[in-house]
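As structure tokens, the structure follows; a few thoughts come after it.
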Protein chains: 2
Amino acid sequence: MKKLQQKSIELRDNNLGRLFQRAGRAYSVRALSLLHERGFSDVKLSHSALFANLDLEGTQITVIAERAGMTKQAMGQLANDLEAKGYINKIKDPNDKRAYIIRFTKLGEKALHAAYDIKVIIEKEFEDLLGSKNVANLQKGLRKLIESYTN
Amino acid sequence: MKKLQQKSIELRDNNLGRLFQRAGRAYSVRALSLLHERGFSDVKLSHSALFANLDLEGTQITVIAERAGMTKQAMGQLANDLEAKGYINKIKDPNDKRAYIIRFTKLGEKALHAAYDIKVIIEKEFEDLLGSKNVANLQKGLRKLIESYTN
DNA sequence: TGATATAGTAAAGTATGTTTACCAAAATAT
DNA sequence: ATATTTTGGTAAACATACTTTACTATATCA
């Protein structure tokens, strides 16, 4: 049997789970930093749960929450925060008096454009570093793993 | 210029940052579930910051905290929690009366063995899914990205 | 020996959620 | 049509995993 010392080192230094998380963290730190540089300095990482699940034609809070895999209460708080910061509007749903429709403001749309530009920039950086074929394979592998483990 | 609708979809569905984070989450959910199945049901994800940075011969709290990139206060809390649960001991440092040395208990070592087994199991699952060469490339790519972005 | 740095703790605050409990409106069932 | 149940949303309390501020005791340096 392998020595515990060796196992400890391999857990620490040679662990795919840790690599995923560190890469994710590196990505989001970089992306958020570029977004702040472009003037959207009050956007936080947690806001992406709303941004990423909001349709351009507008979406109900409950629907966004379900897509993001979180409670409607938590999503309601994100919505209030982003509304106060001017990125979205909460409009009363004309078809359901209980509900609100969340829509991007002009500022929110600008932030979305910027976020897309940043995504492209970071992907370019990755391709310069690894080669575009390797980035494509990385993406394919991650997708396959996620699909397999979240079903 | 690409339509905002299209940009929104690509940000949502075709975003490496989100893939990293989802893969990391899938890994840790799987690993923690297997660890709980093996009887270590009171171990939490946050504990890994201590486990992963504790040398077998024992390590000072401040050193573990620095390795983990967090404050010594936060690490002190993890240490107290894991001590209460029986995974580590806090021993007075004979060379420094201010300091404590953290060491694994027998139970802690058993958990470490289990964690290693689980790492091997999950890697095997990944290789069955993607092929061992692709897993090796994945690992290599992630390492390269992390190294480049955290320096 | 006196000033400063370091190991650790304590308590309060912050970020990002969940749980429990509730209301009003909508959908369904009889 | 009305009673029942479900759904959209909010509010408040709690949980987790930290950081910040403030402190004590010991160690180190000048």
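Given the structure is predicted, the values throughout are model-derived calculations rather than measurements. Proteins come first, then strands; the chains are lettered A, B, ... in the order of their sequence lines, and each starts at number 1.
- Side-chain nitrogen and oxygen atoms of B:K90 include at least one within less than 4.0 Å of the OP1 or OP2 phosphate oxygen of C:dT9.
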Could you please spell out the steps behind the salt bridge (charged side-chain N to carboxylate O under 4.0 Å, His left out) verdict for A:R143 and B:D13? CA-CA 10 Å; A:R143 244 182 243 292; B:D13 300 335; over 6 Å; no
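- Between the OH atom of B:Y100 and the P atom of D:dA27 there is a distance of 13 Å, rounded to whole Å.
- The A:R98 side chain lies nearest to D:dT6 when the options are D:dT20, D:dT26, D:dT6.
- Comparing C:dT18, C:dA26, C:dT9 by their nearest atom to the side chain of A:D96 picks out C:dA26.
- Each of A:Y116 and B:I9 belongs to its own hydrophobic cluster when Ile, Leu, Val, Met, Phe, Trp and Tyr are linked at side-chain heavy-atom distances under 4.5 angstrom.
- When heavy atoms are screened at a 4.0 angstrom cut-off, B:A99 is found touching the sugar-phosphate backbone but no base atom.
- Atom NZ of B:K92 and atom C1' of D:dA25 are 10 Å apart (whole Å).
- Checked against D:dT26, C:dT16, D:dA11, the side chain of B:K97 finds its nearest nucleotide in D:dT26.
- To the nearest angstrom, P of C:dT19 lies 15 Å from CD of A:Q77.
- In this structure, A:K72 atom NZ and D:dT6 atom P are separated by 13 Å, rounded to whole Å.
- Using a 4.0 Å heavy-atom criterion, one finds that A:T71 contacts the bases of the nucleic acid, with or without backbone contacts as well.
- Look at CZ on A:R67: it is 13 Å from P on D:dG8, rounded to the nearest Å.
- B:K44 has a side-chain polar atom (N or O) that falls below the 4.0 Å cut-off from OP1 or OP2 of D:dA17.
- Side-chain proximity of B:I61 to C:dT16, C:dG8, D:dT7: nearest is C:dG8.
- Between the CG atom of A:L32 and the P atom of C:dA15 there is a distance of 14 Å, given to the nearest Å.
- Between the C1' atom of C:dG8 and the CD atom of B:E83 lies a distance of 14 Å, rounded to the nearest Å.
- Atom NZ of B:K85 has more than 12 heavy atoms from other residues, nucleotides or ligands within 6.0 Å.
- A donor-acceptor contact under 3.5 Å is formed by the side chain of A:Q73 with the base of D:dT10.
- Taking the centre of each ring, A:Y27 and B:Y149 stay at or above the 6.0 Å mark.
- Residue A:S46 places no side-chain N or O under 4.0 Å from the OP1 or OP2 atom of C:dA15.
- Residues A:A74 and B:N80 each lie close to DNA chain C; by heavy-atom proximity, the contact nearer the 5' end of the strand is made by B:N80.
- Put simply, CD on B:E66 is 13 Å from P on D:dT19, counting in whole angstrom units.
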For a salt bridge (charged side-chain N to carboxylate O under 4.0 Å, His left out) check, start with the C-alpha distance between A:E125 and A:R30, then their side-chain angles and the critical distance, and finish with the verdict. CA-CA 11 Å; A:E125 289 174 356; A:R30 176 83 177 124; 2.6 Å; yes
